[in-house]
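Both counts, for ligands and for their atoms, begin at 1 and track the order of listing. One is the number of the first residue; the rest follow in order along the sequence. Values reported hereafter were calculated over all heavy atoms of this structure, with side chains retained and with hydrogens, waters and symmetry mates removed.
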Amino acid sequence: MTGPRPRPAEAVTGPSVSGGRVDAYDKVTGRTRYTGDLTRPGLLHAALATATAGRGRVVETDTRAARAVPGVRLVLTRLDGEAVRSPGHPAAGAGYGFQSFQPLLDDRVAYRGQPLALVVADTPAAAAEAAGLVRAVYAAQPVAVTLDAVGAETVAQAEALAEPRFADVSTGDAEGVFTRSPVRVDAVFDFAPQHHVPMELPATMAEWHGDRLVVHESTQNTGAVRHGLARQLGIEPSRIDVVSHEVGGSFGQKTWLQSHLAPLAVAARRLGRPVRFVMPRSQTFHATTFRPASRHRLRVGADRSGRLTAVVHEARQQTSRHDLFPADFLTVTSRLYGVRHFHGVQLLTRTDVQTPGFMRAPFEHAAVFALETAVDEIAHATGRDPVALRLANDTATDPVTGLPFSSRHLAECLRRGAARFGWAARSPRPGSTRAADGSLVGWGVAAGAYRASTAPGVARLTAHASGHLTVDVTGHEMGQGLRTAVTRAVAGDLGVPADRVRTVLGDTRGVPQHLTAGSWGTATALTAVHAALRVLRARLGAPGTGPVDLAAAVAAAGRPAVAAEAFTRGPGQPAEAGDRLRAGAAAPAGPVYPEFSAFSFVAHFAEVRVAAATGRVRVPRVVSVVDCGRVASPVTAAGQVRGGVVWGVGAALREGNVPDPVFGGFVHTDLAEYAVPVNADIGRVDVEFVDEPDVRLNAPGVKGLGEVAFVGVAAAVGNAVHHATGRRLRRLPIRREDLL
Ligand code: MOS
């Protein structure tokens, strides 16, 4: 099925139009309220002053000028006397913070840009002005902010972290088989740090009602914010409600509890007024997570026909001094193809930065760029066509576990993509094709995969006598289209118009909330909703399928409303996953389940034009074919894939920050310097879905989509650059100077 482009009429006429985004009308007319739009009588505004030293101690803080700014109510430099604790970090067992380090608890400076003071004032302008006037004197120490810096410490992840989810992967005799293979690639790949830069800035509003705290927070994880703040403030989680109805993009930036939340809650309590904070773009580069730098040595062996024999993958990833942000590069490089001999090891290098975090396909993007570049080299070395070589290395069995895949249509993605792209017309020799304007033309292909995880989830459906239905479900709307997928699933099942269904996401006042990430959101929510629909039908005395007259059925029950609830979890997942869900902890199952391994798959085909004189690379067209199981919501799914392709072009050609080895932190802190693709950078993006339901994985047959869409795009672009120029580039982003 081809991803349809929404017709203008569909995009603006609202929820009842079949197939469109149910929230499109509100979004395009500006009715949608994001956290930073919320207001209250007596609302106060917060701003952060941040550290200009890269590491050391604060000797003295001067807040006199800040406090003298008219309208300033509070300048908080220490959470003195509040008994605030660290939120903990998830990798160290139980924890809720993106980092365990909580600023404002002591005089330590762990990284440049860390919060130094929270200023609260009557207006955002007064708060920002005052924050800019906070001065500190530091006892500074030298910083280590790169993988190679003096003072950066490297540890073996397998020894430092006991978590089995992040274990190294080994099977067979990879070193030995590699050494004996007639065709070998041995290469090092380097990735610069990147930042999520979603359109919506991190935003929070904290308000106390007596001893109850309500936090409106732009987050993918209201459950962790609730439980993390409860731990930090020493109060019962039941006294905290967290609401995140709309997130304007996140991509992992808003995964865990942010460092400014506890200070904001303390300030709101002291002042007895609601306080709102919107983080300026410039601060997001240091005050939230990022995709850390990583380096990969990959050795790939093959026989003379291009059959892959062995892969050895050594990966090293940057983390902070205070936390181990775990790496998971090996899950994908060990399973993209049927390679029986695999050996992987992961190292973490401690540096003086904020703790990095998950950013869309956190590991798969880099790991697959490395593997798919190496596989392309093997195709070149053996004289095989790159698509044919990938097809020849496909597998129906997970080579690590020996289990079948729940479903795997990678070959179909490659075949359909090749046909749609016109791959058969490719001239194999690099540099052999020129466009009319003299630029070199290159065509590249890459495959990708991403684990199909499932989280525990709860859905509660409430049918009202009016014929309307309310859905409360585990999950957050970040723009990916979860509200549309859930609303349309419920409306379609019961045969009611979508505008009678109200779906509430990201609200701890409803059902328990789990982190929505790792591309498990739609599969998790739809599985819970599917189960709750069966319960609701039984309660209403309705048949198992077919349209239901809700108003009549509720009236017949003799009550104003009839509710039904279901709890679901991943195949084979123990019931204790529900305890973790209710404690705000992450509990994803997969990709290895008791009877199968589950992944989504993709094939990307990219065309590049490289200007010979300037090295400028353009990407006029990309074809992407995805196996994400059943396509739950065609319009939003196609949008996710286009967004993933744009990300891939950015990752290949634009996005990368530069650590500052002298002052610490990152050099680029705005969108003028941290370049993301703009409209003129993106050509035609054709999206197609295999659309085969994965019924072994869950009843709706849905795998994940948000991340797999981006995996392999940069590799397809890089392989196209090789085809255009003969240059094999192993460092991202690719710069013009690399091609001159
Ligand atoms: Mo995603 S990086 O799991 O939000």
Side-chain angles (χ1 to χ4, degrees), residues 90-91 96 98-99 165-166 191 193-200 202 217-225 244 246-258 284 288-292 294 317 319 325-329 331-332 354-368 448-455 457 474-482 505-506 513-525 570 585-591 598-600 628 636 639-641 643-644 646-648 650-651 655 703-714:
Y96 302 99
F98 89 81
Q99 59 183 357
R165 266 198 321 134
F166 299 108
F191 299 85
Q194 296 182 321
H195 305 266
H196 323 63
V197 293
M199 277 171 70
E200 186 208 19
E217 161 81 347
S218 178
T219 179
Q220 306 172 227
N221 201 348
T222 46
V225 172
S244 177
E246 302 286 349
V247 180
S250 182
F251 314 110
Q253 183 183 61
K254 300 153 181 166
T255 290
W256 297 105
L257 185 57
Q258 311 272 15
T284 64
T288 70
T289 63
F290 64 104
R291 185 196 304 278
S294 69
Q317 172 178 273
T319 186
F325 172 63
D328 178 23
F329 296 107
T331 295
V332 69
Q354 75 270 32
T355 301
F358 301 111
M359 177 169 142
R360 198 177 196 173
F363 313 107
E364 298 74 9
H365 156 63
V368 166
Y450 190 87
R451 45 169 68 212
S453 303
T454 318
T474 303
H476 299 79
E477 173 63 59
M478 308 173 262
Q480 82 276 38
L482 184 56
L505 297 164
Q513 288 295 333
H514 184 277
L515 168 63
T516 305
S519 296
W520 61 65
T522 303
T524 298
F599 287 78
S600 291
C628 60
T636 56
Q640 274 198 307
V641 181
V646 172
W647 266 59
E655 292 189 51
K703 300 197 276 189
L705 176 60
E707 300 181 74
V708 78
F710 163 60
V711 178
V713 179

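- Inclusion of G252 in the set of residues having an N or O under 3.5 Å from an N or O of ligand 1 is warranted.
- Remark: ligand 1 atoms within the under-4.0 Å shell around heavy atoms of F251 are 2 (S), 4 (O).
- For atom 2 (S) of ligand 1, the closest heavy atom belonging to the protein is R360 N, 3.2 Å.
- Rounded to the nearest 0.5 angstrom, Q99 CD and Q258 CD are separated by 9.5 Å.
- Within the 4.0 Å heavy-atom cutoff, E707 counts among the residues contacting ligand 1.
- Residues T454 and W520 have side chains not in contact (no heavy-atom distance under 4.5 Å, counting atoms from C-beta outward).
- Numbered from 1 in the order shown, with element, the atoms of ligand 1 that lie under 4.0 Å from a heavy atom of M359 read 2 (S).
- Within the listing of ligand 1, atoms 2 (S) sit less than 4.0 angstrom from a heavy atom of F358.
- Scanning G521, G518, G704 for the heavy atom closest to atom 3 (O) of ligand 1 points to G518.
- In terms of protein heavy-atom proximity, atom 4 (O) of ligand 1 is nearest to Q220 NE2, 2.9 Å.
- Closest of all the heavy-atom pairs between T222 and S244 is CG2-CB, 3.5 Å.
- Checked against a 3.5 angstrom limit, the closest N/O atoms of Y450 and ligand 1 fall outside it.
- K254 pairs with exactly one of H196, H476, Q220, E200 by the side chain to side chain donor-acceptor pair (under 3.5 Å) rule, that one being E200.
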Open item on the list: What verdict does the ring-ring contact (aromatic ring centres under 6.0 Å, His included) test give for H365 and W647, after you've listed the backbone C-alpha separation in whole Å, the side-chain angles of each residue and the deciding distance to 0.1 Å?
Closed with: CA-CA 10 Å; H365 156 63; W647 266 59; 8.8 Å; no
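- Side-chain atoms of N221 come within 3.5 Å of backbone atoms of T255 as a donor-acceptor pair (strictly under, hydrogens ignored).
- Considering CZ of R360 and CD of Q194, their distance stands at 12.0 Å, rounded to 0.5 Å.
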